[in-house]
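Whatever order the structure lists ligands and atoms in, that order sets their numbers, starting from 1.
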Amino acid sequence: MKKINIAIDGPSAAGKSTIAKRLCSKLGYVHLDTGAMYRCTALKCLNNSIPLDDEERVVAMLKDTDIVLTPDGKVFLDGEDVSKAIREDAVSMAASDVSKLENVRKELVARQQKMAEAKGFIMDGRDIGTVVLTDAEVKIYMTASALARAQRRYKQNIEAGIETSDVETLAKEIEARDYQDMHREHSPLKKADDAVEIDTSDLTIEEVVDRIYQLVEPYLQENA
Ligand code: DC
């Protein structure tokens with residue numbers, strides 16, 4: 001069966017990773033969570049007291065940094081399992097901060113494009129449809145209200161045993177991070193012209209998966 005690449009962009013906690021994982025199991029595809037790479041970069045900066053706006057030092061550090069995303073969703077930073085550590089609230093804003101740096105983006109985008117050279121990937125992030133995989137066959141721009149996103153992030157944090165702020169504080173943090181991600185100079189978050197927008201606020205996971213599957217199906221059948 002023919003394989004394609006699927007790009008999912010959108011603001012934080014819109015459900016991108018959850019949906020990408022479900023779709024991957026359904027299609028036998030591999031999920032690449034690009035946000036995890038910015039989070040690893042931020043975590044290493046925080047651990048090594050490298051200022052998040054010192055582009056030269058952050059890039060030099062990154063050149064010497066190994067980030068591995070495993071097919072079962074684990075994240076390894078220089079050989080250490082940081083799957084949980086990168087999800088802490090403090091790392092979220094730091095990730096958004098380092099993602100503003102042009103040369104950090106260049107380095108990570110090059111790695112992401114190399115990872116998805118073959119087809120059969122679902123990549124989620126902020127610039128996948130607009131920069132990383134401009135030729136992805138299916139592009140989704142996933143949104144949800146700030147409150148719905150804060151409630152989901154709160155639930156996820158609790159379930160994963162990650163220290164969390166309350167829903168109201170999370171909503172404020174999410175909005176501040178979205179604003180920063182949408183207004184940065186380099187590759188700001190925006191909907192690709194050819195992306196399909198899905199507001200997930202009032203949809204179940206299955207409903208969102210089904211909608212995307214309907215967009216993917218014609219490509220699978222093309223050369224089946
Ligand atoms: O998807 P996430 O919340 O784990 O991403 C963390 C931060 O990384 C996000 O605030 C912006 C940045 N990011 C980005 O700039 N480009 C991507 N493709 C993915 C994430």
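Looking from atom 8 (O) of ligand 1 to the surrounding protein, the closest heavy atom is Y38 CB, 3.5 Å. For atom 11 (C) of ligand 1, the nearest non-hydrogen atom of the protein is D181 OD2, 3.3 Å. Shortest contact from atom 6 (C) of ligand 1 to any protein heavy atom: R177 NH1, 3.5 Å. For atom 19 (C) of ligand 1, the closest non-hydrogen atom on the protein side is T34 OG1, 3.4 Å.
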Can you give me every donor-acceptor pair (side chain of residues 26-34, partner residue at least two apart or in another chain, under 3.5 Å) with its distance?
from, atom 1, to, atom 2, distance (Å)
Y29, OH, I4, N, 3.0
H31, NE2, D124, OD2, 2.5
D33, OD1, G35, N, 3.2
D33, OD1, A36, N, 3.4
D33, OD2, R87, NH2, 2.9
T34, OG1, D124, O, 2.6

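For D193, the CG atom counts as loosely surrounded, since its 6.0 Å shell holds 12 or fewer non-hydrogen atoms of other residues, nucleotides or ligands. When the shell of 6.0 Å around CZ of R211 is examined, it contains 12 or fewer heavy atoms from other residues, nucleotides or ligands.
Residue M93 does not touch ligand 1, judged by heavy-atom distances below 4.0 Å. Under 4.0 angstrom from ligand 1, the non-hydrogen atoms of R126 come from both its backbone and its side chain. The part of R105 lying near ligand 1 is the side chain, judged by heavy-atom distances below 4.0 Å. Contact annotation for R39 and ligand 1: only side-chain heavy atoms (C-beta onward) come within less than 4.0 Å of the ligand.
We find that R111 and E107 are joined by a salt bridge, their nearest charged nitrogen and carboxylate oxygen being less than 4.0 Å apart. With respect to D178 and R149, a salt bridge is recorded, a charged nitrogen being found less than 4.0 Å from a carboxylate O. A salt bridge does not link E173 with R153: every distance from a Lys NZ or Arg NE/NH1/NH2 to an Asp or Glu carboxylate oxygen is 4.0 Å or more. R126 and D9 are not joined by a salt bridge, as no carboxylate oxygen comes within less than 4.0 angstrom of a charged side-chain nitrogen.
Considering both main-chain and side-chain atoms, D124 never comes within under 3.5 Å of ligand 1 through any nitrogen or oxygen pair. Between D33 and ligand 1, a contact under 3.5 Å exists for no N or O pair.
The CG atom of N5 sits 12.0 Å away from the OH atom of Y219 when rounded to the nearest 0.5 Å. The structure places CG of L189 at 12.5 Å from CD of Q180, a figure rounded to the nearest 0.5 Å.
Using a 4.0 Å cut-off to heavy atoms of A95, the atoms of ligand 1 that qualify are 6 (C), 7 (C). Within the listing of ligand 1, atoms 16 (N), 17 (C), 18 (N) sit less than 4.0 angstrom from a heavy atom of D127. Each of the following atoms of ligand 1 lies closer than 4.0 Å to a heavy atom of G125: 17 (C), 18 (N), 19 (C). Ligand-side atoms of ligand 1 in range of S99: 11 (C), 12 (C), 15 (O), range being under 4.0 angstrom from any heavy atom.
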> Could you go step by step and tell me if D78 and K44 meet the salt bridge (charged side-chain N to carboxylate O under 4.0 Å, His left out) rule?
Replying inline: CA-CA 10 Å; D78 295 326; K44 191 163 170 180; 2.7 Å; yes
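At least one heavy atom of R184 sits under 4.0 Å from some atom of ligand 1.
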